[in-house]
Structures are given as C-alpha cells and as structure tokens.
Protein chains: 2
Amino acid sequence: MPGYPTTEGDLNVPYGQLLADVTSIFLRAGMNSADAALLAESLAIADLRGVHSHGVLRVPEYVAKLTTGGVDACGRPRIEREFGAALVVDAANAMGAVACAFAMRECIERAARFGLAAAAIHNSNHCGALFHAAMLALPHDQIGIVTTNALPTMAPYGGRDKILGINPLAMAVPAHEEPPMVLDAAFSASSHGKIRIYQQKGLPIPEGWAFDADGAPTTDAAAAIDGLLQPIGGFKGTGLSIMMGVLASLLSGAAFGTELGNMMEGPKPGRDGQFVMALHVSAFEDPAAFKLRVDGIVRQIRHSRPAPGFERCYAPGELEHILEIQYRREGIPLNAVTRAGLNRL
Amino acid sequence: MPGYPTTEGDLNVPYGQLLADVTSIFLRAGMNSADAALLAESLAIADLRGVHSHGVLRVPEYVAKLTTGGVDACGRPRIEREFGAALVVDAANAMGAVACAFAMRECIERAARFGLAAAAIHNSNHCGALFHAAMLALPHDQIGIVTTNALPTMAPYGGRDKILGINPLAMAVPAHEEPPMVLDAAFSASSHGKIRIYQQKGLPIPEGWAFDADGAPTTDAAAAIDGLLQPIGGFKGTGLSIMMGVLASLLSGAAFGTELGNMMEGPKPGRDGQFVMALHVSAFEDPAAFKLRVDGIVRQIRHSRPAPGFERCYAPGELEHILEIQYRREGIPLNAVTRAGLNRL
C-alpha cells in the first residue's frame, strides 16, 4: 500500500491524545473550548488521514496567528446576509476552519429545506484542509463542496507574474458501505512544501512541477522556490483556480490573489475568503439508490486493473480512509520535528 | 495572437449564414424551429469562438443521432421533480444542448428567487460545448456552471481500464467592461480528436497526453488511440472527473462511465446526464462591485508579464472573445471537410 513515507524517529501518537493536546494549546491561545476543539480536529484529522502537510505540523504557525498575528482567537462567525439559500458569512477574523465549519453547518440546515445552499465567507483566514468542512455534509446524506482563495504562487497561463493562488477545491460524496468519496486538490502540480523537501535533500524536482522566476520550466528546486508553481493541465489549472477564487473571494468581498498578501510576508489577517456549498441528495434522487451507485463506482475502481508500477487503484479518499482505520488502531506516526513543535507549546 | 490554425481551402462563412444553414438542416431532421435554432446556435457559437472541435463539424453526427440514432428530435425536456431550488430534469431523449439550455433557464429563474439553483438532467444526450449553456446566465448577472458525464476514455489514477469519462466543467462569470470570464475544460490533458490529427500527420504526440492500452505513458499516436487519455494532474484530474460525473449522472439517475457506452459503439441514446447551476450574484454581493472586480482580474492578467515564448496572457475565455469579435466581422474560417459535411446535408 502506498502509505505516507515514515522516517526514523517517528512515534505513533493516539488520535485522541493528539486532539486533546492540540485543543489545550489552542485554549491557551485564547480560543473558547468549542472552537479550540474544532480547530484541533481540523488539523488532527488531516494527520489521521495521512495528509500531514495540513496536519498538526501547522500548530505553531496557527498559534502565532492567534496570539500575535492579528487573527481573532475569539472571533464569532455570523450570517451577515441571507437571500433564500444563499448566505454571506462574516468570519469575524476567526481561523478559516472555524468559519468554514460554521458556514457548512448553516448550509446543511438550509440545503435540507432548499435542496442546496451556499455560503460565501469573508473576513476569514487560513482554513487548513478543506475536506474537513466538506465531510461535515456526509452524515446528512449531502454532498459537501468547499473552495478557498490562497496566496499567489502561480502565474496566469503563459505568464511569469506570481498573481494567482492554487485555490483548492474539496468535494465529499456519501456512500453506503464503501468509504465516502472525498477529493481535496489544489490546481498546482505540486506544492511549496514538497519542493522544499527536494531542496533540503539536494535533489532535482520532477519536470512539470515548477517554473523559474522568468516563467521557464525548471527542475532546480531552489529556482522553483524563487519561481512559480506550475498549474495542472496548463491553462486548465490556472482557469480552474481563477474560477475557484471568484467563488471564494468575489462573491463575499474577500481578497483575491495579490490582494491577500504574498508568500514572503504571509496573508493579511482577516482578508481571506472561502466558498462552501451543500447539496441535499434526496432533493434530487433517492439517497439509498444514490449511495449504492457511489459504492458501485468505488468498487469498479478498486477492481480495475492497475497500470505497470501500481499495485491497485483507489477511489478519491479511499487511501486516506484506509490510513484513518490503521491510524485509529495504531496511532498516527508523527515525526520528531512536528512533535517538538507541539512540545514547545 | 495565438489564433486557431487555419488551413488551405478555408473559407470564411458569415455567422448568420452558418446559423441559418444549420438550423434548416436540423429542421429537416425533424426538430421544431425553436429547438433547431438553439441546437444550431450551440454548435455555430463554438466555431464563432474558435472552438471548432465542438462546432458545426459535428452536424453530420448530430443529424445521424436525430434521424436514425435513437435521439428524439421532438423530445421536450420537462421538470420531473422540484424541491426548493433543486430540480431534476427529464431531457425526454432530446439532444443535450436543448436539455441544458432548458435546465439553465429554469435555474436562472429560480436563482433570482433562491440565490442559487441547480438541475440534474437525465434521459439526455451529447451536449456539445458546455460553455453555451453556462453563458446563458451572464445577461442575468449570474454565474453559470455546467458539467456533463462523458464516454469513458480514461483509467482511474494508476490504472489501465477505460472506465472514466473526461467529464468537463464549464463556468461563466459576468464582467462589466471586460469580456466575461468563461472556462470550459475537460479533465484530460488532450482529446481523441487532437491525437487523431497527429496520427494522420505521422507525428509523435507530446509527452503527458496519453497512455497505451497497458496504462504505460506513450508518445505513439496509434498506441494512444488504442489506449487511454491521460488526466491533468494525475489523481487530481481523475478525481475531478469522477466528482463531475457524480453530479451529472448520480444525482439524476443517468448513466455513469461505462454504463453510457464506449468510444467504439458510441453512447446509448437517452442515457447521458448533465448538471447545471446558476448563482445569482446579487444574492451575495452588489453585482456592480462584483463585475468591476472581475474586470480587475481580467486586466491584471492581461497586463502581467508573459513567459518566454508567449506574447501575452489571457483571462479564461478572453481569446475566444477576441476571435468572436474578429469572426463576427470577417466570417468564420471553416475548412473544406466541415463545409462538405454541411453541403451534403
């Protein structure tokens, strides 16, 4: 199974303990207990599902944002505007995960009445792994969709100016017996974090990951960090990221692209935006029939023949689900750097 | 300007004439005048915007579907189910463009009341260029979103079985003085049509476009046609296409992937599905402010510095808009094969 690479010095930490430790850190940073637990969950669940890049590794950075970085640890998101099934949420300068969960819950309630509902969020901040909020829709037999604006790291197609974010999209789809299908993907081919690891190891990065500062393709990790992330699919990836930015920033009045800040200085607090949507399956189709068909897709993919070099195929989110089962049983492997970051706090 | 490559023997045909000619062809195929004009427009507008792969080149294939291929030239799409802002549309075995336009108009009307609205369409057929239906939302200061199921041409990530469609997504966003932003993109790196052109010319295809039948990357055009299209961004592209297929097929009870048919035999009539959504900008944000910000993004992209080998950058749909202005003035360059296809009919 293509699990996350473990390194020497990894220690397995039980999920419950990680959640409690991180919750208490956020409590001491000034959050109330419900928000501290929610924010801790949004990070710990990323580790639990093997997405360590968006996990508790981020806790020190989050604490800095909450204490000295201008984010309001006590910010209470609220509905600012309501028109039918459409909401504008003022995140009140809370962390993005708190705002997204608030907005998704409001959408879930309205989707049950209107068939679907959407919320545009402004006055927000970094929102961590988007799938956390998207998956909140699943127990309600709803499809959850979340997208966010992000700091600019890409150029428009054919360009060299760093003005577009990789503005990821997450979707969660309920299944019956199979794991839910969960996708959470940015529109860049790789991430700054991954490129940094290649740089530390002195390795060239794969072709297709990055451009240098002049907009020319590069496999030099240092040139890539000074340069630009490549989109997936050329103009398709930049086009999709622009469209996600329109939903996440322009419908709510949040910052878009360079308005949010840059990678050197970080985002301006309270300027980020997200877009959250819930689709109530039973408004369209019998949920039991729908979920059986989702099961069928998951199984068709699982039982399809692998290509050379692959052991098997996975439906979106299936591998994360398998890791979640394993890590709930054995604990989550956390490396020494991440553990030290938590211990310092 | 990177226009569409013209070939010797191209003749410029005025848009109005093309529309009238194709409308009369569809009238003779048994459609009523409103539907014939709509279907003709959905194809001619693709040529007008330089997207010839989805233009009147398809007329002979469409006539075959309408006369002997099992599609109902007189099919009247209708609302089968309504729950708040959520609709299920029975396309009544009409062509997909007819069904998508019907569904989008119903969504536009409901989005003005509910802030947003969505329709899942079944009993449908090939829907041509998705941007046609998405752009219907623009004059209403709404964002139009359309996605469709497609015949399987891809394998799941890491696989070799042809079970997934490239299930494209279109989004149209209104602007103020600038052209609207319009994206219409499938989740494959290339298309069968493009690969066929390389094969005819005896040229190798670029890396990243296709896999052979065993799921290994290939630059051999013939092996690619027998093989698989590559997704954009690896698991991201296949994941996104699966999610679009869930919206387009599972919410309405339409066929998904292999249920629809295969590339050899074509789609089964009346089994296709689409998903259409309209977002009413004023439910979220002042439309004037919103459209000014869209203008700002278009201009920021236009005035950003190009990378080596590029003349300038374009916002999504901007190049198509420039071609549309040129072709409305000069006529649409149509090649001899396409013109012969129309003349035969």
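Proteins come first, then strands; the chains are lettered A, B, ... in the order of their sequence lines, and each starts at number 1. Owing to the predicted nature of the structure, the values given are computational and were not obtained by experimental measurement.
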Student: So which of A:G309, A:G253, A:A189 has the largest heavy-atom pair count under 4.5 angstrom toward chain B?
Tutor: A:G253
Student: Looking at B:A254, B:A315, B:P231, which one has more heavy-atom pairs under 4.5 Å with chain A than the rest?
Tutor: B:A254
Student: Only pairs of heavy atoms separated by less than 4.5 Å count here; which of B:G233, B:G317, B:A185, B:C313 has the most with chain A?
Tutor: B:C313
Student: Tell me, for B:V298 versus chain A, whether the close heavy atoms (under 4.5 Å) come from the side chain, the backbone, both or neither.
Tutor: neither
Student: Measure distances from B:T238 to the heavy atoms of chain A and classify the residue's part below 4.5 Å as side chain, backbone, both or neither.
Tutor: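 Contact with chain A: none, neither part.
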Student: Between A:R293 and B:E259, is there a side-chain heavy-atom distance shorter than 4.5 Å?
Tutor: yes
Student: Specify the closest pair of heavy atoms between B:L251 and A:F284, including all atoms of both residues, with the distance to one decimal.
Tutor: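 Nearest heavy atoms, B:L251 then A:F284: O-CB, 3.2 Å.
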Student: Which answer fits A:V89, side chain, backbone, both or neither, if we ask what part of it has an atom under 4.5 Å from a heavy atom of chain B?
Tutor: neither
Student: Closest heavy-atom contact between B:L116 and A:A86?
Tutor: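 Looks like CD2-N, 4.0 Å.
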Student: What pair of heavy atoms forms the shortest contact from A:G159 to B:A307, and how long is it?
Tutor: O-CB, 3.4 Å
Student: Is there a side-chain contact between B:L279 and A:F275 in this structure, where contact means two heavy atoms from C-beta onward sitting under 4.5 Å apart?
Tutor: yes
Student: Please state whether the side chain, the backbone, both or neither of A:R81 comes within less than 4.5 Å of a heavy atom of chain B.
Tutor: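 It is the side chain, since no backbone atom gets that close.
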Student: What closest approach, in Å, do B:M243 and A:V173 show between heavy atoms, and which atom pair accounts for it?
Tutor: SD-CG2, 3.6 Å
Student: Would you mind reporting whether B:P156 and A:R302 have side-chain heavy atoms less than 4.5 Å apart?
Tutor: no
Student: Measuring from atom NE2 of A:H303 to atom CG of B:D161, what distance do you get when rounded to the nearest 0.5 angstrom?
Tutor: 12.0 Å
Student: Is there a ring-ring contact (aromatic ring centres under 6.0 Å, His included) between B:Y157 and A:F310? Walk through the geometry before answering.
Tutor: CA-CA 9 Å; B:Y157 178 68; A:F310 289 85; 5.4 Å; yes
Student: Which atoms of A:A289 come close to chain B, meaning under 4.5 Å heavy atom to heavy atom: side chain ones, backbone ones, both, or neither?
Tutor: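 No part of it gets close to chain B.
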Student: Check whether B:A170 gets within reach of chain A through its side chain, its backbone, both or neither, counting any heavy atom under 4.5 Å.
Tutor: neither
Student: When rounded to the nearest 0.5 angstrom, what distance separates CD1 in A:I163 from CZ in B:R305?
Tutor: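 One finds 10.0 Å between CD1 of A:I163 and CZ of B:R305.
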Student: Looking at B:G215, B:G84, B:P306, B:A118, which makes the most heavy-atom pairs under 4.5 Å with chain A?
Tutor: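 Heavy-atom pairs under 4.5 Å are most numerous for B:P306.
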Student: Where is the tightest heavy-atom contact between A:K236 and B:S188, given as atom of each residue plus distance?
Tutor: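 Scanning both residues, the minimum pair turns out to be NZ-O, 2.7 Å.
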Student: Is B:I242 close to chain A through its backbone or its side chain, or both, or neither, when contacts mean heavy atoms under 4.5 Å?
Tutor: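 Just its side chain gets close to chain A.
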Student: Among B:R160, B:E285, B:E82, which residue has the highest count of heavy-atom pairs closer than 4.5 Å to chain A?
Tutor: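 Highest number of heavy-atom pairs under 4.5 Å: B:R160.
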Student: Are B:F187 and A:L240 side-chain neighbours, meaning at least one heavy-atom pair lies under 4.5 Å?
Tutor: yes
Student: Any idea which of A:E80, A:E207, A:M277 has the most non-hydrogen atom pairs under 4.5 angstrom with chain B?
Tutor: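 Most heavy-atom pairs within the cutoff with chain B belong to A:M277.
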Student: Could you grab the distance from atom CD1 of B:I143 to atom CG of A:L250, nearest 0.5 Å is fine?
Tutor: 8.0 Å
Student: Taking the side chain as every heavy atom from C-beta outward, state whether A:M171 and B:V246 have any atom pair closer than 4.5 Å.
Tutor: no
